[in-house]
**Q** 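I'd like to ask some things about the structure below.
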Amino acid sequence: MSSASALDGGQVTINLAALRDNYLTMKDKSGAAETACVVKADAYGLGLEQVAPVLYAAGCRSFFVAQSREALDLRALLPDVVIYVLNGLPTGAAAAFAAANLRPCLISLAQIKAWQAYCLTEKTALPAALFIDTGFNRLGLSEADVADLAQVSDYFNGWTVSLIASHLACSDEADNPMNRAQLECFLHMRQQLPTAPASLANSGGVILGEAYLFDMTRPGISLYGGSANGDDTALKPVVHLHAPLLQTRSLSIGDTVGYGASFTAPHDMQIGIVGLGYGDGFMRHFGDRPHSRASLMIDGQPAPILGRVSMDSLAIDLTDFATLPAVDTMVEVFGQHQTIDKLAENGQTISYELLTSLGSRYNRIWIDQ
Ligand SMILES: *Cc1c(COP(=O)(O)O)cnc(C)c1O
């Protein structure tokens with residue numbers, strides 16, 4: 001993409017050196033456990049093709065994705081790593097999984113039987129994970145399923161349980177009693193299953209402490225600079241989003257701004273129009289006052305978003321600026337002066353959604369410094 005396109009549209013800068021540092025930080029916090037990386041949804045919107053090789057070079061040898069299609073993309077990039085597919089084994093997909101050396105996270109008795117049937121036919125004990133539900137009630141084997149498995153040992157003939165995994169619902173809240181309850185449930189269910197390495201902790205789980213680490217951790221958001229528990233200062237910002245100031249204008253008291261004329265100037269004001277909108281994946285509700293208190297940043301000074309977010313632009317309040325910023329100034333959406341978590345919190349969303357919503361229209365650059 002030509003550099004001219006960056007002048008009237010937004011720019012995403014992804015710092016691969018910071019990504020590497022965050023991986024090493026999570027590895028350090030994971031102690032003796034292996035640190036696997038979660039790279040679903042195009043590595044949380046950062047670009048699987050750029051992100052996965054950096055994590056590999058930093059030492060990561062096991063990865064998690066959600067969908068088999070993501071797994072095939074990753075396999076093409078990294079031929080020799082372990083890849084787990086969180087959404088399970090689609091009906092009829094065992095041969096395709098085996099051909100690409102993918103490991104399904106088996107989430108039902110039917111999936112276990114399908115994997116086993118394939119392995120028995122091919123006479124090869126292929127690895128797969130048992131994914132168990134410990135209270136999240138999303139995907140996974142229920143307590144009743146696990147009790148079934150424990151009674152009928154036949155289920156485990158002919159294939160290899162390479163991992164027993166579950167997922168925490170409230171790991172971003174260290175004091176939430178749900179964490180302890182899920183940990184106990186996990187320990188209890190694991191006892192009824194064949195001996196295999198275990199994994200419970202996502203980013204937030206790693207911070208909960210040693211009891212949650214088991215044999216493998218599975219951080220995602222923390223690699224990409226999002227804080228799992230609101231204040232993880234050890235992590236570095238990886239993604240920086242900027243958008244250009246297209247025009248400035250003066251408002252008189254009573255003037256309105258944008259679609260629906262939803263903002264009315266309570267006094268004379270200076271505003272700026274920024275080339276960033278919901279067509280870029282910047283959520284419309286960021287302009288939804290008073291629910292949103294979101295600001296963009298110019299030279300470290302906040303410029304609150306005013307009125308509704310349009311498809312291609314939004315308005316910011318520049319009244320408090322001693323000198324009016326020049327047209328073409330690149331306005332920071334998040335990155336250096338405003339963390340992604342701060343913007344997310346002020347806009348009633350989460351860093352995960354901000355990253356995975358980064359639109360295809362941005363000029364994306366990957367730096368390594
Ligand atoms: C997405 C996901 C992760 C990673 O979670 P983060 O909060 O981003 O660290 C780990 N495990 C499972 C099952 C997931 O779905």
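Counting starts at 1 for both ligands and their atoms, in listed order.
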**Q** Under 4.0 Å between a Lys/Arg side-chain N and an Asp/Glu carboxylate O for Arg249 and Asp268?
**A** no

**Q** Output, in order, the C-alpha distance, side-chain angles, deciding distance and verdict of salt bridge (charged side-chain N to carboxylate O under 4.0 Å, His left out) for Arg361 and Asp312.
**A** CA-CA 10 Å; Arg361 193 161 59 165; Asp312 314 301; 2.9 Å; yes

**Q** Between Phe214 and Ser199, is any pair of side-chain heavy atoms under 4.5 Å apart?
**A** no

**Q** Among protein heavy atoms, which lies nearest atom 8 (O) of ligand 1, and at what distance?
**A** Tyr44 OH, 2.6 Å

**Q** Name the closest protein heavy atom to atom 9 (O) of ligand 1, giving the residue it belongs to and the distance to 0.1 Å.
**A** Ser203 OG, 2.5 Å

**Q** Under 3.5 Å, side chain of Asn22 to main-chain N/O of Leu19, donor-acceptor pair present?
**A** no

**Q** Within 45° of the ring axis of Tyr362 and under 6.0 Å from its six-membered ring centre, is that where the NZ or CZ of Arg364 lies?
**A** no

**Q** Would you check whether Phe64 reaches within less than 4.0 Å of ligand 1, judged by its heavy atoms?
**A** no

**Q** A cation-pi test, strictly: NZ or CZ of Arg308 under 6.0 Å from the centre of the six-membered ring of Phe263 and no more than 45 degrees from its axis. Yes or no?
**A** no

**Q** Which protein heavy atom lies closest to atom 11 (N) of ligand 1, and at what distance to 0.1 Å?
**A** Arg218 NE, 3.0 Å

**Q** Specify side chain, backbone, both or neither for Ile221, according to which of its non-hydrogen atoms lie closer than 4.0 Å to ligand 1.
**A** both

**Q** For atom 5 (O) of ligand 1, which protein heavy atom lies nearest, and how many Å away is it?
**A** Asn202 CB, 3.4 Å

**Q** Quick one: nearest non-hydrogen protein atom to atom 7 (O) of ligand 1, plus distance?
**A** Tyr352 OH, 2.6 Å

**Q** With respect to Gly220, determine whether any N or O atom, backbone or side chain, lies less than 3.5 Å from an N or O atom of ligand 1.
**A** yes

**Q** Heavy atom under 4.0 Å from ligand 1: found in Phe131's side chain, backbone, both, or neither?
**A** side chain

**Q** For Pro219 and ligand 1, answer yes if some heavy atom of the residue is under 4.0 Å from a ligand atom, otherwise no.
**A** yes

**Q** Ligand 1 and Leu86, any nitrogen or oxygen pair closer than 3.5 angstrom?
**A** no

**Q** Could you name the option among Met26, His167, Lys40 that has the heavy atom nearest to atom 15 (O) of ligand 1?
**A** Lys40

**Q** When rounded to the nearest 0.5 angstrom, what is the spacing between CG in Leu139 and CG in Leu86?
**A** 8.5 Å

**Q** Is it true that, when you exclude Asp299 itself, more than 12 heavy atoms of the residues, nucleotides or ligands shown sit nearer than 6.0 Å to its CG?
**A** no

